[in-house]
Amino acid sequence: MFDLSRPRGTRDFSPNDMASRRRIEEEFRKLLTSYGYGEVQTPAFEHADLFIARSGPQVIDQLYDFKDKGGRHMALRPELTAPVMRYYSTELKSMPKPLRVFYFGNCFRYERPQRGRFREFWQLGIEYIGRRTPLACSEVISISMEAMERAKINDHRVRIGHIGIVRSLLGTIGIDTENYRDLMIAIDKKDKIAMERIMCDEVEDAHEITSLLTTLVPKDHAPKTLSDMSIDHPDLKDAIDHLRSILHLLDDQQGRVHFDPSITRGLDYYEGMVFEIDIPSLGAEKQVCGGGEYSLSNILGSEVEGIGFGIGFDRVMMAIADSERDALPTGGFYIIPLGESANVMARHVQRDLTAAGHRCIMEAQGRGLKKALSIATSMGARYAVIIGEEEVGSGEFSLKDLVTGDQRRIAFKGLSKLEGVFHDQ
RNA sequence: GCCGGGGUGGUGUAGCCUGGUAGCAUCGGGGACUGUGGAUCCCCUCGCCCGAGUUCAAAUCUCGGCCCCGGCCCCA
């Protein structure tokens with residue numbers, strides 16, 4: 001006997017799970033479609049180089065890669081932005097700008113599983129490829145927030161920053177670019193000690209360091225509002241104006257949006273506005289969405305700029321209240337053929353009813369009437385269709401309302417007239 | 001990769017400290033009841049994560065592995 005267990009970090013989804021997941025998925029699709037985004041799909045695996053080329057060692061360590069039978073180095077996709085950009089740069093390029101696309105698919109990373117982190121997980125995202133105007137930025141952020149609302153999540157918060165602000169500030173005190181990466185990570189983690197350590201190697205003026213730290217790291221990790229930012233540096237004016245315009249357009253009535261200059265995002269291709277959404281109640285893996293403005297000229301070899309975000313679909317599902325989860329569909333008919341002579345008519349009735357869009361389940365185990373009615377009820381059917389020798393002989397079937405108990409004979413030919421006579425629920 | 005807490009029928013649990021018969025609930029299958037249902041009663045299937053060690057004897061104690069949960073890291 002071989003190992004029947006499920007691979008580590010993967011999940012099976014029950015019919016109930018899938019009912020909930022599909023409903024939310026559809027809700028998201030409707031949202032994105034209504035904003036003019038078109039869905040694209042790319043392969044589950046790609047040439048490994050697509051992911052390796054510009055990635056750090058962490059991404060590569062987590063890559064599910066393999067040699068195919070032709071000796072090619074392939075990898076399961078760890079994220080969807082690169083494949084979508086690959087698609088864009090080869091085929092979608094000629095489409096009118098701006099190009100609005102969205103994607104939904106599974107991704108694979110060899111990680112240590114824990115709550116909210118899996119080796120196979122689903123990501124939903126959009127890309128707005130075109131000029132990064134404040135209106136376009138606010139559209140993208142707004143869609144991500146509306147997605148949370150559609151999922152009926154109400155404790156999320158949005159943090160918006162700007163990578164240009166951080167870069168400029170560091171530039172003013174002459175920090176060596178080679179240390180940007182470590183420093184950016186330290187800033188993103190709000191790790192003052194690491195920030196100070198890295199910066200002390202570069203600058204001598206303690207006052208400058210201190211003021212910089214206070215500017216970048218909100219007190220008590222509390223989000224700040226943009227108006228708290230009092231930086232007079234000419235390089236920053238454009239960035240701050242840009243953010244102001246975006247925030248103004250977001251028209252955040254519920255106070256979800258906060259300014260957090262410490263967001264730097266890990267990826268190299270981000271520049272300008274960046275944002276994250278998290279749901280505090282999720283615990284350690286609370287970030288459900290991340291995105292921002294990017295430029296991909298250095299990666300794809302051609303000038304591509306845009307705005308996008310990725311949503312962790314599984315984390316959204318975890319945050320959805322149990323009361324919002326779906327039950328399996330109920331209602332409709334349960335057909336009970338009694339004896340072999342009833343089978344043919346039973347199949348015909350089932351075909352007609354399902355063709356008319358009704359849920360219609362066949363008693364196919366040969367159970368007796370009593371047992372079958374009991375099953376019909378427990379499966380949530382509204383009506384039982386009873387077909388026995390009597391019915392076959394007269395070309396009729398018995399239709400029993402399982403809620404009221406009423407029962408009547410219906411001519412098989414009169415099936416189409418069922419509409420409106422009974423409540424299919 | 002690191003640090004904690006756990007793994008008992010499909011599901012939820014008792015038993016573990018203080019070694020000896022694995023109990024309960026629910027779900028699933030069947031029957032009482034061969035053409036009229038959510039009830040009741042009865043019967044049945046299915047389990048100590050894996051391996052090694054200690055012992056007359058291990059679900060229980062020891063070690064290793066695997067897996068799950070929480071945290072770190074990173075991210076979604």
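Everything numeric here is computed off the predicted structure, so don't read it as measured data. By convention in this document, chain letters (A, B, ...) are assigned in the order of the sequence lines, proteins followed by strands, and residues within each chain are numbered from 1.
Within 4.0 Å of A:Glu120, counting heavy atoms only, lies no atom of the nucleic acid at all. Residue contacts for A:Gly388: at a heavy-atom cut-off of 4.0 Å it reaches a base atom on one of the strands shown. Heavy atoms of A:Gly9 sit under 4.0 angstrom from primed sugar atoms or phosphate atoms, though from no base atom. Counting non-hydrogen atoms under 4.0 angstrom, A:Ser374 reaches the backbone sugars and phosphates but no base. A:Gly125 comes within 4.0 angstrom of nothing in the nucleic acid, heavy atoms only. Contact annotation for A:Gln114: base contact, defined as any heavy-atom pair under 4.0 Å involving a base atom. At the heavy-atom level, A:Ile386 lies under 4.0 Å from base atoms of the strands shown.
Distance from the side chain of A:Arg367 is smallest for B:G30 among the nucleotides B:G30, B:G70, B:C33. Which of B:G37, B:C74, B:G35 sits closest to the side chain of A:Glu111 comes down to B:C74. Proximity note for A:Phe121 (side chain, C-beta onward) versus B:G37, B:A76, B:C72: the nearest is B:A76. Of the candidate nucleotides B:G37, B:C3, B:C74, B:C3 has the atom lying nearest to any side-chain atom of A:Arg112. If you check B:C69, B:G35, B:U36 against the side chain of A:Arg115, the one that comes closest is B:C69.
Residues A:Glu391 and A:Arg409 have side chains in contact (heavy-atom distance under 4.5 Å, counting atoms from C-beta outward).
Comparing the C1' positions of B:C66 and B:C73 gives an interatomic distance of 23 Å, to the nearest angstrom. Comparing B:G12 with B:U21, their C1' atoms are spaced 24 Å from each other, to the whole Å. Look at the C1' atom in both B:G31 and B:G47: the space between them is 25 Å, to the nearest Å. For the P atoms, the distance linking B:U45 with B:G37 amounts to 29 Å, nearest Å. Straight-line distance between the P atoms of B:G23 and B:U18: roughly 24 Å, to the nearest whole Å.
By the 5.5 angstrom centroid cut-off and the 30-degree plane limit, A:Phe313 is classified as not stacked against the base of B:A76.
Searching all strands for a Watson-Crick or G-U wobble partner of B:C72 with both distances below 3.5 Å returns B:G1.
Using a 4.0 Å cut-off between a side-chain N of Lys or Arg and a carboxylate O of Asp or Glu, A:Arg72 and A:Asp68 qualify as a salt bridge. The residues A:Arg23 and A:Glu26 are annotated as not salt-bridged, no charged nitrogen and carboxylate oxygen being separated by less than 4.0 angstrom. Between A:Glu46 and A:Arg77 no salt bridge is recorded (no basic side-chain N to carboxylate O distance below 4.0 Å). In this structure, A:Asp314 pairs ionically with A:Arg11, as a charged nitrogen and a carboxylate oxygen lie closer than 4.0 Å. Salt bridge status for A:Lys152 with A:Glu27: absent, with no side-chain N to carboxylate O gap under 4.0 Å.
Judged by distance alone, with hydrogens and angles left aside, A:Arg11 brings no side-chain donor or acceptor close enough to the base of B:C68 to form a pair under 3.5 Å. For A:Arg6 against B:C67, no side-chain N or O and base N or O form a donor-acceptor pair under 3.5 Å. One N or O donor and one acceptor, one from the side chain of A:Lys400 and one from the base of B:U36, sit under 3.5 Å apart. For A:Glu285 and B:G71, a side-chain-to-base donor-acceptor distance below 3.5 Å is absent, hydrogens and geometry of angles not being considered. In terms of polar N and O atoms assigned as donor or acceptor, the side chain of A:Arg109 comes within less than 3.5 Å of the base of B:A76 in a complementary pairing.
Contact check, A:Lys370 against B:C33: no side-chain N or O comes under 4.0 Å of OP1 or OP2. Distances shorter than 4.0 Å separate some side-chain N or O of A:Arg8 from OP1 or OP2 on B:C68.
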